[in-house]
Amino acid sequence: MNIGVLALQGAFIEHIAILTKLGVKTIQVRLPKHLERLDGLIIPGGESTTIGKLAYFSGLMEPLKNFALNKPVWGVCAGMIFMAKNIGSDQPTLNLMDIVVERNAFGRQIDSFVSDIHVSVFSNGCKNPFKAVFIRAPRLIEIKGDARIIAMLPNGEPVAVREGIWMATSFHPELTADNRFHEFFLETVLITSKK
Ligand code: GLN
């Protein structure tokens with residue numbers, strides 16, 4: 001299994017470290033040709049305006065959209081913004097997931113926080129909450145069409161969604177030692193590659 005991590009800006013090294021620990025081969029994606037032999041792709045957190053502009057100038061916008069048609073993609077924080085259909089502002093996005101997202105909606109860098117979240121797609125997700133790190137996180141304002149909530153804050157606010165083979169989390173699972181989100185994504189990749 002080859003997993004790509006979009007490596008234009010942001011926290012891509014941390015994802016690569018976790019995937020490597022899980023025994024998965026990774027490829028840093030900076031150009032369209034790097035998508036060729038991948039089974040799935042992670043779009044890391046960082047700054048969505050920068051990631052969008054760099055993807056645009058690297059000729060990656062169409063190749064990324066085409067890749068996502070039949071391969072699992074997981075967007076983390078800025079990656080969630082980059083995958084959303086509606087972010088209420090004008091910056092390059094892939095326009096994939098049927099979600100309305102508000103950038104920086106939990107406040108500034110100094111308002112970053114860690115919270116237990118309940119994850120419905122983990123077998124032990126309710127008994128064993130996931131410690132989620134939120135850094136200038138986007139808020140999920142609306143979840144439409146086939147998109148489904150898979151994780152919530154204790155107050156019931158949605159913070160992760162899934163739509164078919166795509167997933168988006170408004171927090172950073174690569175910054176904690178709990179690998180369940182990475183394992184869950186790898187499962188999706190494995191199932192999709194067998195179809
Ligand atoms: N605030 C950033 C943005 O709007 C996202 C922050 C993050 O990825 N941690 O792109």
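All ligand and atom numbering here is 1-based and tracks the order in the structure. Here the structure is a predicted model, which means the values were calculated and not measured.
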Using a strict cut-off of 4.0 Å, indicate which atoms of ligand 1 neighbour a heavy atom of Gly45.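 Near Gly45, meaning under 4.0 Å from one of its heavy atoms, ligand 1 has 8 (O).
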Among all the protein's non-hydrogen atoms, which is closest to [atom], and how far away is it?
atom	answer
atom 9 (N) of ligand 1	His172 NE2, 2.7 Å
atom 10 (O) of ligand 1	Ser48 N, 2.6 Å
atom 1 (N) of ligand 1	Asn104 OD1, 2.5 Å
atom 5 (C) of ligand 1	Gly46 O, 3.3 Å

Just so I know, are the side chains of [X] and [Y] near enough to count as touching, which here means a heavy-atom distance under 4.5 Å?
X	Y	result
Ile43	Val5	no
Val76	Glu174	yes
Thr188	Leu186	no

Under 3.5 Å, N or O to N or O, is Cys77 touching ligand 1 that way? no
What about Ala78: any of its N or O atoms under 3.5 Å from an N or O on ligand 1? yes
Could you label the plane-to-plane angle of the Trp74 and His15 rings as parallel, tilted or perpendicular, counting under 30° as parallel and over 60° as perpendicular? perpendicular
Mind checking whether Phe122 and Phe184 have parallel, tilted or perpendicular rings, split at 30° and 60°? perpendicular
Establish, for the pair Arg139 and Phe106, whether the NZ or CZ atom is under 6.0 angstrom from the six-membered ring centre and no further than 45 degrees off its axis.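 Yes, Arg139 lies over the aromatic ring of Phe106.
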Test of understanding: given a 4.0 Å heavy-atom threshold, classify the contact between Ile81 and ligand 1 as side chain, backbone, both, or neither.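 Within the 4.0 Å criterion, Ile81 contacts ligand 1 through side-chain atoms alone.
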Would you kindly specify which portion of Arg103 sits under 4.0 Å from ligand 1, judged on non-hydrogen atoms: side chain, backbone, both or neither?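 It is the side chain that gets close, since no backbone atom is under 4.0 Å.
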Do Trp166 side-chain atoms and Ala68 backbone N/O form a donor-acceptor pair below 3.5 Å? yes
